[in-house]
There are 2 protein chains.
Amino acid sequence: MDDQLGVFSNRLQQHGYRLTTARRVILEALLASGGHITADGLVEVVRQQSPGIGRMTVYRTLEILSELGLIRPVYQGTGAAHYILMENGHHHHLVCSGCDRVIEFDECVLEEMGRLISGRFDFQIQGHVVEFFGLCADCRRVSA
Amino acid sequence: MDDQLGVFSNRLQQHGYRLTTARRVILEALLASGGHITADGLVEVVRQQSPGIGRMTVYRTLEILSELGLIRPVYQGTGAAHYILMENGHHHHLVCSGCDRVIEFDECVLEEMGRLISGRFDFQIQGHVVEFFGLCADCRRVSA
DNA sequence: ATCTCAATTGATATAAAGTATCAATTGAGG
DNA sequence: CCTCAATTGATACTTTATATCAATTGAGAT
Ligand SMILES: [Mn+2]
Ligand SMILES: [Mn+2]
Ligand SMILES: [Zn+2]
Ligand SMILES: [Zn+2]
């Protein structure tokens, strides 16, 4: 199940969305980028392949994918939202308060907690993002 | 240690920032609001108390507080960043993909995971945000 | 209490990011 | 093929964020 393009495409269709040419191009560019990209950044990438694609279409596609829980917008210091891929429903970051560097990790102990919370609030969990904030080694030196 | 205003003020001074009149007003308004407010939303609130406060000052204060790990910007559906209070270093959300409703909860099992990750990446953790995404009870009915 | 100067402020201008609209196009089913 | 609702992309606009800089202010030194 590593075919993310297939996963994304299927989910779109399952929810009644058409798999149009524009959307295919956008999905490919998004997945090729690996995520951590802004909407307008993605517009640029997409247009290298298909110059005709409209900015609105990219924005709208990102919104749909977010609703489906396949991606999520997060802040990365700058003003624009950065979209991250929610492969298998989760994503984990260490974010440095000093330099905004982002370190990725895979460990996750949230399944149990998810079940507990899910039951209590009658909420169907599709995925999660955990972000630890703090200072990386470099930034601790500087401000020491 | 429930005096958040004291906590915030002290932290500012400990890091060499002046505790100015403008900053005091902004801190009070932010804490009174309970968080979950946008920068421009906070500007409005602040100006009810002190009409002279500049918009840039509010933006800059929010940036400082973010660097210190006292607040964090998160997405809430709309285009503007919403700032949440990081009391005791953490904050937890259930975010509905259907209606963007936000449910708060307190449980946390991340201390152990934090220690593990902190050691491996030589990263000093100040706090974290966990967001579970999914569908609330109401939204499951609608799309059923 | 007054002085001093770097830190801070806020007005102004500008850029970036997001949203609304609508006529033209397209794709999936009949 | 046809049909028609879904989708697209150009355009215009609003909101949100950032850059600049002269004027002001706060906190320590005298
Ligand atoms: Mn990531
Ligand atoms: Mn909250
Ligand atoms: Zn850092
Ligand atoms: Zn909902």
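Here the structure is a predicted model, which means the values were calculated and not measured. Throughout, protein chains are lettered first and strands after them, A, B, ... in sequence-line order, and every chain is numbered starting at 1.
- Taking atom CG of residue B:L42 and atom C1' of nucleotide D:dT16, one finds them 15 Å apart after rounding to whole Å.
- Residue B:H91 holds its NE2 atom at 8.0 Å from CE of B:M86, rounded to the nearest 0.5 Å.
- For B:E63 and A:T61, each mapped to the nucleotide of DNA chain D holding its nearest heavy atom, the one lying further toward the 5' end belongs to A:T61.
- DNA chain C lies under 4.0 Å from at least one heavy atom of each of the following residues of residues 66-82 of chain A: A:T78, A:A80, A:A81.
- B:Y17 places its OH atom 15 Å from the P atom of D:dA27, with the value rounded to the nearest Å.
- Cation-pi contact between B:R72 and A:F133: present, with separation from the ring centre below 6.0 Å and deviation from the ring axis of at most 45°.
- Backbone-only contact: B:R23 has heavy atoms under 4.0 Å from sugar-phosphate atoms and none from a base.
- Looking at B:R55, its side chain comes within 3.5 Å of the base of D:dT18 through a donor and an acceptor atom.
- Neither side chain, A:Q124 nor A:S118, offers a donor N or O lying under 3.5 Å from an acceptor on the other.
- With C:dT9, D:dA10, C:dA11 as the choices, the nucleotide that has an atom nearest any side-chain atom of B:M56 turns out to be C:dA11.
- Atom C1' of nucleotide D:dA6 and atom NE2 of A:H15 are separated by 17 Å, given to the nearest angstrom.
- One finds the NE2 atom of B:H36 at 14.0 Å from the OH atom of B:Y83 (value rounded to the nearest 0.5 Å).
- Spacing between atom OH of B:Y59 and atom C1' of C:dA15 amounts to 13 Å, rounded to whole angstrom units.
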Requested in this report: Kindly indicate, with the supporting measurements, whether the criterion side-chain contact (heavy atoms from CB on, under 4.5 Å) is fulfilled by B:Y17 and B:R11.
Outcome: CA-CA 9 Å; B:Y17 293 105; B:R11 193 80 74 92; over 6 Å; no
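- As rounded to whole Å, 10 Å separates atom P of D:dT8 from atom CG of A:L12.
- Linking Ile, Leu, Val, Met, Phe, Trp and Tyr whenever their side-chain heavy atoms come within less than 4.5 Å leaves B:I71 and B:Y75 in two separate clusters.
- Residues B:D138 and B:R101 have side chains in contact (heavy-atom distance under 4.5 Å, counting atoms from C-beta outward).
- Remark: B:E104 CD is packed, more than 12 non-hydrogen atoms of other residues, nucleotides or ligands lying under 6.0 Å away.
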Query raised in the report: Step by step, would you call B:L110 with A:L110 a side-chain contact (heavy atoms from CB on, under 4.5 Å)?
Result: CA-CA 8 Å; B:L110 293 175; A:L110 292 176; 3.7 Å; yes
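- Summary for the helix from C:dA1-D:dT30 to C:dG30-D:dC1: the axes at its two ends, each from 5 pairs, differ by 50° when rounded to the nearest 10 degrees.
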Query raised in the report: Once each nucleotide of nucleotides 25-30 of chain C is scored for protein heavy atoms under 4.0 Å, what B/S/- sequence comes out, 5' to 3'?
Result: -BBS--
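- The side chain to side chain contact (heavy atoms under 4.5 Å, CB included) test with A:L85 is passed by exactly one of A:L70, A:L65, A:L30, A:I37: A:L30.
- Judged by distance alone with a 3.5 Å cut-off, a donor-acceptor contact links the side chain of B:R60 to the base of C:dG10.
- The nearest whole Å value for the distance from the CG atom in A:L62 to the C1' atom in D:dT8 is 15 Å.
- Ring geometry, A:H92 versus A:H128: the interplanar angle falls from 30° to 60°, so the pair is classed tilted.
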